[in-house]
**Student:** 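Here you go, one structure.
Chain identifiers are assigned alphabetically (A, B, ...) following the order of the sequence lines, protein sequences preceding nucleic acid strands; residue numbering begins at 1 within each chain.
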Amino acid sequence: MAELEKSYNPKGIEEKWYALWLQGDYFNPDTVQGEPYCVVIPPPNVTGSLHMGHALNATLQDILIRWKRMLGFRTLWLPGTDHAGIATQNVVERELARKGLDRHRLGRDSFIQEVWQWRAEYGGRIINQLKRLGASCDWSRERFTMDEGLSRAVREVFVRLYDEGLIYRDNRLINWCPRCHTALSDLEVEHEEIDGILTYIRYPFSDGSGYIVVATTRPETMLGDTAVAVNPEDGRYKHLIGKAVSLPLTGRTIPVISDSAVDASFGTGAVKVTPAHDFNDEAIAKRQNPPLPSITVIGDDGRMTGEAGRKYSGIDRYECRKIVVADLKASGLIEREERYRHSVGHCYRCKTIIEPLPTLQWYVKVGPLAAGAIDAVRSGRIRIIPEMWNNTYFSWMENIKDWCISRQIWWGHRIPVWYCREMRNEECRMKDGVIASREAPVQCPYCGSKELTQDGDVLDTWFSSALWPFSTLGWPDKTEDLKTFYPTSVLVTGFDILFFWVARMIMMGLKFMGDVPFRDVYIHALVRDARGQKMSKSKGNVVDPLVMIDKYGADAFRFSLAAFAAQGRDIRFSEDRVEGYRHFVNKLWNAARFIMMNLKTIDAQQLCLQHLAPGESQTSGATPSAVSLDLASRWILSRLAATADEVNNALEGYRFNDAANSVYQFIWHEFCDWYIEMSKHALYSSDEDRAGTVATLLYVLDNSLRLLHPFMPFVTEEIWQGVKGSVSALGVSEGLMLYEGRSIMLSRYPSSLSRDHQAEDEMSFIVRVVTGVRNIRGELNISPAAEVRVLVRTFSDDAERVLKGNLHFIKRLAKAREVEIGRDVEKPHLSATAVTNHFEVYVPVEGLLNIDAEIDRLIKEKTKVEESLRSLDKKLLNEDFLKRAPKEIIEKERARYRDLVLKDERLEGSIKRLKETGVKR
RNA sequence: GGGCGGAUAGCUCAGAUGGGAGAGCACAGCCCUUACAAGGCUGGGGUCACAGGUUCGAUCCCUGUUCCGCCUACCA
């Protein structure tokens, strides 16, 4: 980058540096010393394509990882993908359908091969997208949940839990997706409010003595009713309990029963009971003595079964609903229909309405595991950030139900259970012929039979995800990685998978590693669109991160996400702000361009020997030696130190937005707006300050780039390498200790630099004079081209000394032709005034000044001062305040009061003089 | 039904432990000043949703109300 372009263009540059980082193996911690710091990525679905949630998630992790790496930690960010059972199977099935095939015709083994084939072809997509973002994952450790190693971990865990009785099989109602043709866990069901109809149906008594009316939103299930239930306390129905009802359309006779779960105030107070298709009804049925029978009228394909009767058999459940209602109407058994809004469960993958079905499934008994997981958070061994999620976590964990882990699909970890078909002895029959085994058994361990068949189901995808923090590090082997990096440092994730994933990882980690899987859980926001809507393909409001990267560059995009990531709040994504941060990238770029342009004119020996002292802290390189620096340089070094502290503190607390804002504010509004402008004096006047100024420019740029690097890895590397080239061309890089090393990502992160409070105080005098003059220029509309005279009447020695010593800065920044400073400076006639505590600034504006405008301006300011004075006055006269407020607050307010009184008097004086002038004129 | 979060400038949002209301964008004025017009300087704009309470003092803590958003639950 000998000659920099006028603006930064990320195309090509991002790829170039990412390739270099990979080539240098910089993401790999193997050869690094230091305290371990580890993050495992929430594995995106292998079918996935990078969306805003991933982008935010990965950006935050990369910021942490790059930051810690630069701080000297032995840093591992472990990447990988999830096999995503149902989602992936769906995708491949759609693919097959396009070719006119389906998985049943293909057969299980061929289908699985198809999926692997698909993965080989497309599974790397999201990984490549993460690379575009700049993610510094150690790709040599990339894992996939279906890898052999991870599959072994899955079998190990399953068998151990089974042997301990924590995994069992049971036949009960589960959530069934008729489209995906599989069981789902409670978590995989999304409840959504929909408009339905509440149908009131008359159920005639068998003895012909009238009827009882029940209300239902699912009339078709009446074909499977096995009772009508009422509340035992309900006076209207008490006498009917035990009576027989003739179930319409079926001719079956069912009883009227009582159950306290029935709400007398809802509907008619009488409820039809369908144990096979409703969780409530199942519970009621089980409470009866003897339990009510269960009749399954809807099959696993969502069509009515033979049990529903010949007329309805084979018909889709919703078609059947219409027919049943029509048939009932024809018999005069529909009392009325009401519109009714209620929530209905949908499959989280395909949005099909869930059908509760009685089936035989595998479950994990979570109660015993949950206790430890609750304690880990309660005791602080795991910290959830922000804390507000603690409550959500606790309330879910405390009400946790057993976890259905079997899925009737093909893609996933096959359940490591075999069934003995012969069950030749008592022991085998006692065990139901169930063999849970890490490897495929050759013969039945109980009876020796060789007639074994493996369970056809696979495990819930989240079962393998739950093991991710240790299975990826090599468990069940005792690997070096596991020893070094477990427990991992922090998990960064969205709250939407707090239960699916985070809670289960904690349970499994505690169970199998005997320790928590991570110290911190940082829960970030959900990215919504500009109107606050959840982004979804169907709504068409999705913002594609890759489009953002193409349009604005990965750096601007990443920085935006970090700046958006305020804790505890959802993000409304606005493209305008990304554009704003692209401007910031460009600002930085141009600052670097400026510095490099001025580098050519410097004498290398002078720069190196006289102006760079060995760095006071190991992390920041050589520091410009303070003795020989001008005020501006000392000031910017101190501001840099303050900024480094702010950024480090903010990142320590996961306040990414604060960190981003600090560095933005520093680079733009302190370094560029003030320091670079001030540096021009030394640079252009070729006096002895030049070398110190160049040294400071180089130093502050270097440290700014490093501060910014975790947020904007590409542009910082590009500039840093460019400056490095120029610096070494000067032949001073050896002694400089700046821009050292092969890459900025391997340099040290700025921290614990020293402040220079005196320089900051002194600089504030200059700032106040300059802004005073600028205000006057702006408000009185004095052309920026016009040079003015500036007079400053000082009231303190400090102010006088500092201002006199830095006239050149005032001249440059305020565009002043000449500056006069002193205690005895007189206010010229026809001049505008700016008032501060330490001095008054006068700008003579003969001919230019509109006296009335200037008087208005001063009166406006005086009004503000007096307003503040009034409220302060009240406060300081309040005895309670004086009695109870802390001393330092009272002193602060008093000082403020004194300053304001002074200012008020001076303003008054200026106004008076101006009025006199006006009269004279 | 239960729980959580939000309500601050025209817009999008910051304000970590109570003590002088901020940023970015947008808007207005003046400037192509030799890093940057994707820029510079200046300016206007807020009863911090509403009502109470605690406190010497509340945008911040407590209670209630209204309006949004989310999570969760077996009222058919």
**Student:** Using only side-chain N and O atoms of H583(A), determine if any of them is under 4.0 Å from OP1 or OP2 of C36(B).
**Tutor:** no
**Student:** Quick one: side-chain hydrogen bond (donor to acceptor under 3.5 Å, both in side chains) partners of D263(A), sequence neighbours excluded?
**Tutor:**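 D263(A) satisfies side-chain hydrogen bond (donor to acceptor under 3.5 Å, both in side chains) with S265(A) only.
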**Student:** Using 30° and 60° as the class boundaries, would you call the ring planes of Y684(A) and F594(A) parallel, tilted or perpendicular?
**Tutor:** perpendicular
**Student:** Tell me the stems RNA chain B sits in, counting at least three consecutive Watson-Crick or G-U wobble pairs, each under 3.5 Å on both distances.
**Tutor:** B:1-7 with B:66-72, B:10-13 with B:22-25, B:27-31 with B:39-43, B:49-53 with B:61-65
**Student:** Classify the nucleic acid contact of I676(A) as base, sugar-phosphate or nothing, counting any heavy atom under 4.0 Å across all strands shown.
**Tutor:** base
**Student:** Could you state the atom-to-atom distance from CD1 of I890(A) to P of C56(B) in whole Å?
**Tutor:**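 I890(A) atom CD1 is separated from C56(B) atom P by 13 Å.
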**Student:** Which whole number of Å gives the distance between the P atom of G43(B) and that of A38(B)?
**Tutor:**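 Pairwise P distance, G43(B) against A38(B), rounds to 24 Å.
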**Student:** Give me the ring orientation class for F500(A) and Y348(A): parallel if the planes are under 30° apart, tilted from 30 to 60°, perpendicular past 60°.
**Tutor:** parallel
**Student:** Could you work out, with side-chain contact (heavy atoms from CB on, under 4.5 Å) as the rule, every residue matching K587(A), not counting sequence neighbours?
**Tutor:**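 Scan of K587(A) (side-chain contact (heavy atoms from CB on, under 4.5 Å), adjacent residues dropped) gives W668(A), C672(A), D673(A).
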**Student:** Taking side-chain hydrogen bond (donor to acceptor under 3.5 Å, both in side chains) as the definition, give me every residue that meets it alongside K815(A), ordered by chain and number, with sequence neighbours left out.
**Tutor:** none
**Student:** Determine the interatomic distance between P on U42(B) and the same-named atom on G24(B); round to the nearest Å.
**Tutor:** 12 Å
**Student:** So which heavy atom on I595(A) is nearest to which on L697(A), and how close?
**Tutor:** CD1-O, 3.9 Å
**Student:** I'd like the C1' distance from C68(B) over to U8(B), given in whole Å.
**Tutor:**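 Straight-line distance between the two C1' atoms is 16 Å.
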**Student:** Could you tell me how far apart L697(A) (CG) and C36(B) (P) are, to the nearest whole angstrom?
**Tutor:**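 In whole Å, C36(B) P and L697(A) CG are 16 Å from each other.
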**Student:** By nearest atom, which of the nucleotides C56(B), G19(B), G24(B) is closest to the H669(A) side chain?
**Tutor:** G24(B)
**Student:** Can you name the residues that form a side-chain contact (heavy atoms from CB on, under 4.5 Å) with E867(A), not counting sequence neighbours?
**Tutor:** R870(A)
**Student:** Provide the distance between the two P atoms, one in A51(B) and one in U66(B), to the nearest whole Å.
**Tutor:**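 15 Å, rounded to whole Å.
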**Student:** How close or far is atom C1' of G69(B) from atom CD1 of I571(A), stated in whole angstroms?
**Tutor:**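 Roughly 15 Å, once rounded to whole Å.
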**Student:** If the C1' atom of A16(B) is compared with that of C25(B), how far apart are they to the nearest Å?
**Tutor:** 26 Å
**Student:** Are any of the side-chain heavy atoms of L588(A) and Y664(A) separated by less than 4.5 Å?
**Tutor:**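 They are not in contact (no side-chain heavy atoms under 4.5 Å apart), so the answer is no.
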**Student:** With sequence neighbours left out, write down each residue that passes side-chain hydrogen bond (donor to acceptor under 3.5 Å, both in side chains) with K551(A), or none if nothing qualifies.
**Tutor:** E575(A)
**Student:** When only distance counts, do a donor and an acceptor, one from the side chain of K6(A) and one from the base of C36(B), lie under 3.5 Å apart?
**Tutor:** no
**Student:** With sequence neighbours left out, write down each residue that passes side-chain hydrogen bond (donor to acceptor under 3.5 Å, both in side chains) with W396(A), or none if nothing qualifies.
**Tutor:**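 With neighbours one apart ignored, the set is empty.
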**Student:** Salt-bridged, R898(A) to E891(A), with N to O below 4.0 Å?
**Tutor:**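 So R898(A) pairs with E891(A) through a salt bridge.
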**Student:** Just to verify, what does N399(A) make a side-chain contact (heavy atoms from CB on, under 4.5 Å) with, not counting sequence neighbours?
**Tutor:**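 Testing N399(A) for side-chain contact (heavy atoms from CB on, under 4.5 Å), a comparison that skips the adjacent residues, returns none.
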**Student:** Using a strict heavy-atom distance below 4.0 Å, which residues from residues 771-778 of chain A are in contact with RNA chain B?
**Tutor:** R774(A), N775(A), G778(A)
**Student:** When the P atoms of C75(B) and G2(B) are compared, how many Å lie between them, rounded to an integer?
**Tutor:** 13 Å
**Student:** Pull out every protein N or O sitting under 3.5 Å from an N or O of nucleotides 71-76 of chain B, one pair per line with the distance.
**Tutor:**
residue, atom, partner, partner atom, Å
C74(B), O2', N280(A), ND2, 2.2
C74(B), N1, N280(A), OD1, 3.2
C74(B), O2, N280(A), OD1, 2.3
C74(B), O2, N280(A), ND2, 3.2
C75(B), O2, D263(A), OD2, 2.2
C75(B), N3, D263(A), OD2, 3.4
A76(B), OP2, Y340(A), OH, 2.4
A76(B), O2', A215(A), O, 3.1
A76(B), N6, D263(A), O, 2.6
A76(B), N6, F266(A), O, 3.1
A76(B), N1, D263(A), N, 3.2

**Student:** How many whole angstroms separate atom NZ of K875(A) from atom C1' of G18(B)?
**Tutor:**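 Roughly 11 Å, once rounded to whole Å.
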**Student:** How far, in whole Å, is G15(B) from U72(B) if one measures between their C1' atoms?
**Tutor:** 31 Å
**Student:** How would you list, by chain and number, every residue that makes a salt bridge (charged side-chain N to carboxylate O under 4.0 Å, His left out) with E652(A), sequence neighbours excluded?
**Tutor:**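 Once residues adjacent in sequence are excluded, the partners of E652(A) under the salt bridge (charged side-chain N to carboxylate O under 4.0 Å, His left out) criterion are K68(A).
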**Student:** Using ring-ring contact (aromatic ring centres under 6.0 Å, His included) as the criterion, list what pairs up with Y897(A), not counting sequence neighbours.
**Tutor:**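 Counting only residues at least two positions away or on another chain, Y897(A) forms no ring-ring contact (aromatic ring centres under 6.0 Å, His included).
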**Student:** Looking only at side-chain atoms of N657(A), point me to the closest of G15(B), A35(B), C25(B).
**Tutor:**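 Of G15(B), A35(B), C25(B), G15(B) is nearest to the side chain of N657(A).
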**Student:** C1' atom, C13(B) versus U17(B): distance in rounded Å?
**Tutor:**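 So the two C1' atoms sit 22 Å from each other.
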**Student:** With a 4.0 Å limit, can you tell me whether W674(A) has a side-chain N or O closer than that to the phosphate oxygens OP1/OP2 of G40(B)?
**Tutor:**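 Checking G40(B) against W674(A), no side-chain N or O comes under 4.0 Å of OP1 or OP2.
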**Student:** Calculate the interatomic distance between E677(A) atom CD and A35(B) atom C1'; express it in whole Å.
**Tutor:**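 Result: 9 Å.
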**Student:** Between U33(B) and K680(A), is there an OP1 or OP2 to side-chain N/O distance shorter than 4.0 Å?
**Tutor:**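 K680(A) to U33(B) OP1/OP2: no side-chain N or O under 4.0 Å.
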**Student:** Distance check needed: C4(B) P versus F394(A) CZ, whole Å only.
**Tutor:** 14 Å
**Student:** If you look at every strand shown and take non-hydrogen atoms under 4.0 Å, does K883(A) touch a base, only sugar-phosphate, or nothing?
**Tutor:**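 Nothing: the residue K883(A), judged by heavy atoms under 4.0 Å, touches no strand.
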**Student:** Specify the separation, in whole Å, of atom CG of D899(A) and atom C1' of G20(B).
**Tutor:** 12 Å
**Student:** When you measure from the side-chain N and O atoms of K874(A) to the phosphate of G57(B), is any distance below 4.0 Å, counting only OP1 and OP2?
**Tutor:** no
**Student:** Round to a whole Å and report the spacing from CH2 of W589(A) to C1' of C36(B).
**Tutor:**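 One finds 12 Å between C1' of C36(B) and CH2 of W589(A), rounded.
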**Student:** Can you tell me if R884(A) touches the phosphate of C56(B), counting only side-chain N or O atoms and a distance under 4.0 Å to OP1 or OP2?
**Tutor:** yes
**Student:** Within the structure shown, what part of the strands sits under 4.0 Å from D673(A) by heavy-atom distance: base, sugar-phosphate, or nothing?
**Tutor:** sugar-phosphate
